Amino acid sequence: MQRILVVGISGAGKSTMARALSSRLAVPYHEMDALYFAGPGWAVNERFPAEVAEIARARAWVFDSYGYPEVRDLLWERADTVVWLDYPRRVIMPRILRRSLRRTLLRESIFNGNRETVAEWFRRDHPAWWAWSQHAARRADIQQRIHDPRFAPLQVIRLTTVRSSASWLDSMGIGDTTW
């Protein structure tokens, strides 16, 4: 495992898993949304595809994302391992709601100075709404990709419960991870 994609729906714990893998394997971790959003106002990084392509050429990396459309195929072609956090909605939704509520109430700065706001909770692209409405579609997309012949060399580790994720990390010697 040298080039790892940690995939799943928003709220699954992709960033937590990616950071744990990065630490354990001594592989650089890259937060996809921090690369994508260039600054306040959710401005998109114009150099995003080029920056991701540069990182993807490296010998080792961990990304916490399925991949934005403009870089998705590149990352899936370069990865050697996909860790799929395939949790049900009943696990995802409380997590995403707690995270978004915390970020909103505490005005946490995320992704290059952006913040979740109360007004954004009423938009279809808010993480909570998106996770609810796109859960089945994201699962189907990932399922299709892992069976796509282009990505056949990938090692796929599908984790369907929080307990199985924690056990898998423990088996790798990664402890003290909050799920």
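Keep in mind that what you see is a predicted model, and the values were worked out from it rather than measured.
- Between Arg145 and Asp73 a salt bridge is recorded (basic side-chain N to carboxylate O distance below 4.0 Å).
- Other residues, nucleotides and ligands place more than 12 heavy atoms under 6.0 Å from the CZ atom of Arg150.
- No side-chain N or O of Glu120 forms a donor-acceptor pair with one of Trp129 less than 3.5 Å apart.
- Of the possible polar contacts, none joining the Arg103 side chain to the Glu116 backbone as a donor-acceptor pair under 3.5 Å is found.
- With values rounded to the nearest 0.5 angstrom, Gln155 atom CD is found 7.5 Å from Asp80 atom CG.
- Counting only distance, with no hydrogens or angles, the side chain of Asp64 and the backbone of Lys14 share no donor-acceptor pair below 3.5 Å.
- The 12-atom threshold is not exceeded at CH2 of Trp132, counting heavy atoms of other residues, nucleotides or ligands nearer than 6.0 Å.
- In summary, the side chains of Ser164 and Thr161 do present a donor paired with an acceptor at a separation below 3.5 Å, with no hydrogens or angles considered.
- In terms of modelled atom types and a separation under 3.5 Å, the side chain of Asp86 and the main chain of Leu159 share no donor-acceptor contact.
- Judged purely by atom type and a 3.5 angstrom limit, Arg95 uses its side chain to pair as donor or acceptor with the backbone of Ala12.
- At a threshold of 4.0 Å, the pair Glu108-Arg102 counts as salt-bridged, since one of the basic side-chain nitrogens sits closer than that to a carboxylate oxygen.
- Ile157 is listed as a side-chain neighbour of Met1, based on a closest heavy-atom distance under 4.5 Å.
- Looking at Thr104 and Trp121, their side chains do bring a donor and an acceptor atom within 3.5 Å of each other.
- Ring geometry for Tyr36 against Tyr68 counts as parallel: the plane angle stays under 30°, on a 0 to 90° scale with 60° as the upper cut.
- Annotation: His30 is not in aromatic contact with Trp61 [ring centroid separation under 6.0 Å not met].
- With rounding to the nearest 0.5 angstrom, the OH atom of Tyr29 is 3.5 Å from the OG atom of Ser15.
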